[in-house]
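Below, all heavy atoms of this structure are taken into account, side chains as well, without hydrogens, waters or symmetry copies.
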Amino acid sequence: MHRLGERAVLVECSDLAEVLDLAAVLDREPLVGQRELVPAASTLMVTLGDAAAAHRGAEVLATLPAPRGQRPPGREVTLEVVYDGEDLPRVAELLGWSPEAVVAAHGEQVWTAAFLGFAPGFAYLVGEAGGPEVPRRDSPRTAVPPGSVALAGPYSAVYPRRSPGGWQLVGRTGASVWDVERQDPALLVPGTRVRFTAVRELVLARGSEPPGGQVQARRCLRVLDPGPATLVQDLGRADHLALGVSPSGALDRGAARQVNRAVGNPRSAALLESLGGLLLEAEGDHVLAVAGAHGAVRVHHGAGGVEDAPTGAPFALPAGARLEVAVPVRGLRVYVAARGGLGPQAELGSRSTDQLSGLGPAPLTAGLDLPVLEEATDAVLPWGEPDAAGSGPTDGPGVAGGEGAVLTVRARPGPRADWLTPDARARLPSTTWTVTGPPNRIGLRLEGEPLERSRHDELASEGVVHGAVQVPPSGQPVILLADHPVTGGYPVVAVVAGADLDLLAQLRPGDRLRLAVGD
């Protein structure tokens, strides 16, 4: 048993069969407080409702006998494939086979969906007859077409949607393996048995129209300038990890809750998460609130002049007026809520934009009209919540500290801390890291004296959580954020405390960070 942050337990199993058997047992008889199960190649991640439930769950799991033969037979799916992939000749060369032999070996055995990760509906398939392993491409493609059938290591997979990818492409199928309009969006789930049948041409499945439609609303906010990156967010998608869907949602949840409460919305109402440079025009009368990173927020009234808008408190934006949210001077992300909440179409129960999976509304563009829903009949303006910025354990750069400040966040050891040398483990809490790279919602890249790993072999992909600190071969840590993949193949050496995750949302490139790792 390994604790994975505060609310998850990572269970190591002897093989994939044991993983799936244990998942079947826990699906049939859940632990108290159990939320989700994420199978992987040789581990099962169990998420629970709170830290106390995770502690009790770990104790119960430690006493369970190794399960065998507990799962019912998986559903069987047959996929028709045209084997004309760009990498088929290269795969044959690597194996010393003919292309025909590769096709025969791929189609003559039954594959089992071991786990989902990387992207929603992306199932890692394991051949029941085993077979040779194929390395990933040296240079990943920037875009792999949906339906591509691919090989990498011991696995096969079908790409559910257009995405980057480094697997070897051997064919294509017309089957829709991911469709959010279906009752069960993922065609392949852990335990599904898959047979590939070679055909000369495909009959393409007619998929649903791509999401992105909007709820009808009588009022809207027109986007005049979206700035460098403005997205629709709410509090995210819960309970879809087993489908390969990360929770996503606002990175600074405290600031998002604060502005929604300020305008009388439910805490989970959809709003805007922006890096600033945002300019909106009111179509109809609105009540707005802005919070998060610190910067100028102004209301332009045309001939009526310009006035500063308050932070964390409601203000009026009458029809024709414009809201300007400048690029923050401290912090990174600003949140803008409108009374009633924003109304783009929801996917899997959330309106959040997930930058990794592509779920949710597209990033804002100039000329877009954002529908604003009618406010609830019982909407009230409660007392505002404390300003989320600067509410953490220490003042941080871009939050409440000044130039040269160092933000310290709390963390606990991760399940693979022993993949670091003793010296690297000792240095981890005292090292000051610098945030690098352009901001994104998938991972926070850190730079400093590299952490030396004691092991250099590949770690089989396993479940990961928001706040997990991964150490790739470079030794430069990456902290996973809300749009992280569900599984990952780099060792997790620490996990940031849930109460400190909001602080990570406000770190800018060049800011400095320290990880206070302790039990």
Side-chain angles (χ1 to χ4, degrees), residues 1-12 19 23 26 31 33-58 61 115-120 235-253 350 352 354-357 409-417 419 428 440-446 459-472 477-505 515-519:
M1 303 302 130
H2 300 281
R3 289 294 298 273
L4 184 60
E6 299 156 46
R7 301 182 180 185
V9 179
L10 191 69
V11 185
E12 285 196 51
V19 171
L26 295 179
L31 301 170
Q34 179 176 307
R35 293 289 300 272
E36 295 191 78
L37 303 174
V38 181
S42 58
T43 60
L44 179 69
M45 185 175 77
V46 185
T47 68
L48 298 108
D50 53 41
H55 179 76
R56 292 192 302 268
L61 287 167
F115 56 95
L116 276 70
F118 172 65
L235 294 186
R237 297 177 177 83
D239 304 328
H240 295 296
L241 293 178
L243 299 180
V245 177
S246 65
S248 193
L251 285 183
D252 189 339
R253 294 166 66 89
S350 169
S352 285
D354 184 332
Q355 287 189 314
L356 180 67
S357 72
V409 296
R410 296 161 292 184
R412 62 181 300 151
R416 305 302 175 194
W419 278 54
L428 182 58
N440 69 76
R441 294 176 38 87
I442 299 169
L444 189 71
R445 295 185 178 274
L446 306 180
L459 175 69
S461 290
E462 55 191 26
V464 291
V465 295
H466 186 180
V469 182
Q470 292 186 322
V471 179
V478 176
I479 305 178
L480 298 183
L481 301 179
D483 290 359
H484 66 84
V486 170
T487 59
Y490 294 137
V492 173
V493 301
V495 181
V496 175
D500 293 355
L501 291 176
D502 285 2
L503 297 172
L504 301 179
L515 298 167
V517 182
D519 292 325

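Residues Pro415 and Leu4 meet the side-chain proximity criterion, which asks for heavy atoms closer than 4.5 Å. Side-chain atoms of Leu241 and Pro247, non-hydrogen and from C-beta on, do get closer than 4.5 Å to each other. Residues Leu515 and Val409 form a side-chain contact, since some pair of their non-hydrogen atoms from C-beta on lies under 4.5 Å apart. Within the 4.5 Å cutoff, side-chain heavy atoms of Phe115 are placed close to those of Thr487. Counting heavy atoms from C-beta outward, Pro120 and Val486 have side chains that stay 4.5 Å or more apart.
Looking at every heavy atom in both residues, Ser352 comes nearest to Gly249 through OG-CA, 3.4 Å. The nearest pair of heavy atoms linking Ala242 to Leu37 is CB-O, 3.5 Å. Closest heavy-atom contact between Leu116 and Gly244: CB-N, 3.9 Å.
The NE2 atom of His484 sits 11.5 Å away from atom OG of Ser357, with the distance rounded to the nearest 0.5 Å. Rounded to the nearest 0.5 angstrom, Ile479 CD1 and Leu446 CG are separated by 4.5 Å. Interatomic distance, OG of Ser350 versus CG of Leu235, reported as 8.5 Å (0.5 Å rounding). Atom CG of Leu503 sits about 8.0 Å away from atom CG of Asp252, to the nearest 0.5 Å. Leu251 contributes atom CG, which lies 9.0 Å from atom CG of Leu504 (distance to the nearest 0.5 angstrom).
Screening residues 37-47 for side chain to side chain donor-acceptor pair (under 3.5 Å) gives no qualifying pairs among residues at least two apart or on separate chains. Applying the salt bridge (Lys or Arg N to Asp or Glu O under 4.0 Å) rule to pairs touching residues 487-498 yields nothing, sequence neighbours excluded. For the salt bridge (Lys or Arg N to Asp or Glu O under 4.0 Å) condition, no pair includes a residue of residues 484-495, sequence neighbours left out.
In this structure a side-chain-to-backbone donor-acceptor pair under 3.5 Å is missing from Gln470 to Gly488. With Asp500 contributing its side chain and Arg410 its backbone, the two residues share a donor-acceptor pair below 3.5 Å. In this structure, the side chain of Gln355 does not engage the main chain of Asn440 through any donor-acceptor pair within 3.5 Å.
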Could you list the donor-acceptor pairs under 3.5 angstrom formed between side-chain atoms of residues 48-55 and any protein atom two or more places apart in sequence or on another chain?
| residue | atom | partner | partner atom | Å |
| --- | --- | --- | --- | --- |
| Asp50 | OD1 | Ala52 | N | 3.2 |
| Asp50 | OD1 | Ala53 | N | 2.7 |
| His55 | NE2 | Glu59 | OE2 | 3.2 |

Would you be so kind as to tabulate the donor-acceptor pairs closer than 3.5 Å made by side chains of residues 459-469, with sequence neighbours excluded?
| residue | atom | partner | partner atom | Å |
| --- | --- | --- | --- | --- |
| Glu462 | OE1 | Arg416 | NH2 | 2.9 |
| Glu462 | OE2 | Arg416 | NE | 3.0 |

(request) Give the intermediate values and the outcome of side chain to side chain contact (heavy atoms under 4.5 Å, CB included) for residues Val493 and Val517. (result) CA-CA 10 Å; Val493 301; Val517 182; over 6 Å; no
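For Ala58, the side-chain contact (heavy atoms from CB on, under 4.5 Å) partners two or more places apart in sequence, or in a different chain, are Arg3, Val9. Not counting sequence neighbours, the partners of His2 by the side-chain hydrogen bond (donor to acceptor under 3.5 Å, both in side chains) test are Glu12. Taking the salt bridge (Lys or Arg N to Asp or Glu O under 4.0 Å) definition, one finds that Asp354 meets it with nothing, sequence neighbours left out. With sequence neighbours left out, the salt bridge (Lys or Arg N to Asp or Glu O under 4.0 Å) criterion links Arg441 to Glu273, Asp483. Remark: Asp239 engages Arg35 in a salt bridge (Lys or Arg N to Asp or Glu O under 4.0 Å) (not counting sequence neighbours).
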